[in-house]
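Basis for what follows: all heavy atoms, side chains included, without hydrogens, waters or symmetry-related copies. Residue numbering restarts at 1 for every chain, and letters A, B, ... go by the order of the sequence lines.
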2 protein chains.
Amino acid sequence: MTMNATKNQKAAETRQRILDASLKLFLETGYEQATMRKIAQLSGLTPGATYYHFKTKEHIIFHFYEKSYQDHLEPARATLNNNKALKTRITGLIKTHLDVARPYHQISKALFRVASTPGHPLSPFSEETRELREENISLLREGVNGSSDRIPSGIKDKLPEILWLFKILIIIYWLFDTTPDQEKTDRLVDRSVDLIVRLLAISNLPGMKSFSERLVGLFEEFKPYQ
Amino acid sequence: MTMNATKNQKAAETRQRILDASLKLFLETGYEQATMRKIAQLSGLTPGATYYHFKTKEHIIFHFYEKSYQDHLEPARATLNNNKALKTRITGLIKTHLDVARPYHQISKALFRVASTPGHPLSPFSEETRELREENISLLREGVNGSSDRIPSGIKDKLPEILWLFKILIIIYWLFDTTPDQEKTDRLVDRSVDLIVRLLAISNLPGMKSFSERLVGLFEEFKPYQ
DNA sequence: ACCCCTTTTTGAACGCGTTTAAAAAATACG
DNA sequence: CGTATTTTTTAAACGCGTTCAAAAAGGGGT
């Protein structure tokens, strides 16, 4: 216990020093300009030592994605506690994440380039990122299950996963969004979640159920992970 | 005229030699292993000379995307001539493209990594790729306008652009598809176009029109290009 | 204090995409 | 034909992410 803690202490500290240096350089100069040599230097290390702590440069930036997920949990939970309408809950879950990720907007583009390489370990669909994905889907499930909206039975179970993929698409849009503070994405979230909730409402009508269930079935069969 | 033709002849030939060498190496060894030095050597050039003809390595691979678009035009037009149902027409336009692109499946992933870098000139939403994008949208417009289906008036005009974005998403799915010959993507095209056509049919019902028009309005306001 | 084993760091190198100044080849023109 | 201009090629270099064998540092057991 104490042994292990002591054992790992050095590594954890160095790791944190690298992360601090990286973030500073990323924010000041962007991902490309923040070379591993500069990061190493600012951390008081040689490049080789840096690679002892992080497998690749991309793994450094992936850490900030994980961190943004962790950081959004508190405001996200607060939203869930204060709202019952599905629309507000889902909008809240997504917007709180975008909020905490805002400082990383520029550098996240670099991560996206990695994420969009099919088969890459850091892709959002990969095995390596499974835990984070499933945590996120669980949170969305809380958002769905705790809502006051009436959701068609055949859909409710699968909705969280669909919303997760939807969230990924929103994040992609956000990365491409060049408006100040990415405010256009915020509006898109409002408008598109509104549309999703409307579709769910319509799905409660007897004639429409088959359409929504077809959509859910399509997702279930073709979802790009697992 | 003749002068200009003669003028460009050398460059065009060399360009083609580079493309031939690139394709050979891409297919044999993949994008990463096909280094610019090897491409140059196989073309009988030095790396510097290769860069005289192609701005970056990515521009070489972008050429194959352009070519796949050109190559799919003939079978695509044949499909349009032989089918009137919207579903068949749209499915045909997308599947013919996937068909001709099949040999480039592996190497297209590298292009996608570029395409998914926000702001990159070779992104599908960029100014530099505008011509190709607009050509493709025009073709999809032919597919829509020549169909026998009754399409709600407020939607028909915008449908081609929406279908183009849909096609982009299909291509992304195709890139991630690891099934043999990407046959899963083919099924996805069938199933999802079916769903789109169903939605259009439902949209003709008076109560549903507002929903579809909302969807179209959303796209129009938030489309990620122009 | 010593040895042993693991963790961490070093320094040099590799191969990559790309750039560049200068040379060479091709072409245009009087 | 000879000269001026443009197009193409060369050879060398740059900085990058990354790797690796060897050295150093750290820590436990005797």
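- Taking side-chain N and O atoms only, B:H53 has no distance below 4.0 Å to OP1 or OP2 of D:dT7.
- A cation-pi arrangement is absent between A:K55 and A:F62 under the rule of less than 6.0 angstrom and at most 45 degrees off the ring axis.
- A salt bridge is defined here as a Lys NZ or Arg NE, NH1 or NH2 lying under 4.0 Å from an Asp or Glu carboxylate O, and B:E221 with A:R191 meets this definition.
- The nearest whole Å value for the distance from the NE2 atom in B:H59 to the C1' atom in C:dG17 is 14 Å.
- By the 4.0 Å N-to-carboxylate-O rule, A:E13 lies too far from A:R17 to be salt-bridged with it.
- If you measure from atom CG of B:L122 to atom P of C:dG17, you get 16 Å, rounded to the nearest angstrom.
- No salt bridge links B:D186 with B:K95; every basic N to acidic carboxylate O contact stays at or beyond 4.0 Å.
- The residue among A:R17 and B:E58 whose nearest nucleotide of DNA chain C lies closer to the 5′ end is A:R17.
- Between B:R15 atom CZ and D:dT9 atom P there is a gap of 13 Å when expressed in whole angstrom units.
- Sorted by first and then second residue, the side-chain hydrogen bond (donor to acceptor under 3.5 Å, both in side chains) pairs with a member in residues 35-45 of chain B form an empty list; sequence neighbours excluded.
- Geometrically, B:K109 does not engage B:Y104 in a cation-pi contact, judged by NZ or CZ lying under 6.0 Å from the ring centre and within 45° of the ring axis.
- B:E32 and B:R113 are joined by a salt bridge, as a carboxylate oxygen and a charged side-chain nitrogen come within less than 4.0 angstrom of each other.
- Between B:Y225 and B:W164, the ring center distance clears the sub-6.0 Å criterion.
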Please write out each protein N/O paired with an N/O of nucleotides 11-17 of chain D under 3.5 Å, distance rounded to 0.1 Å.
unit_1 : atom_1 : unit_2 : atom_2 : d
D:dG17 : OP1    : A:K57  : NZ     : 2.7
D:dG17 : OP2    : A:M36  : N      : 2.9
D:dG17 : N7     : A:R37  : NH1    : 2.8
D:dG17 : O6     : A:R37  : NH2    : 2.9

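- From one end of the helix from C:dC3-D:dG28 to C:dG30-D:dC1 to the other, with five pairs defining each end axis, the axis direction shifts by 10° (rounded to 10°).
- Going from atom CG of B:L45 over to atom P of D:dT10 covers 6 Å, rounded to whole Å.
- Distance OH (A:Y52) to P (C:dG11): 18 Å, rounded to an integer number of Å.
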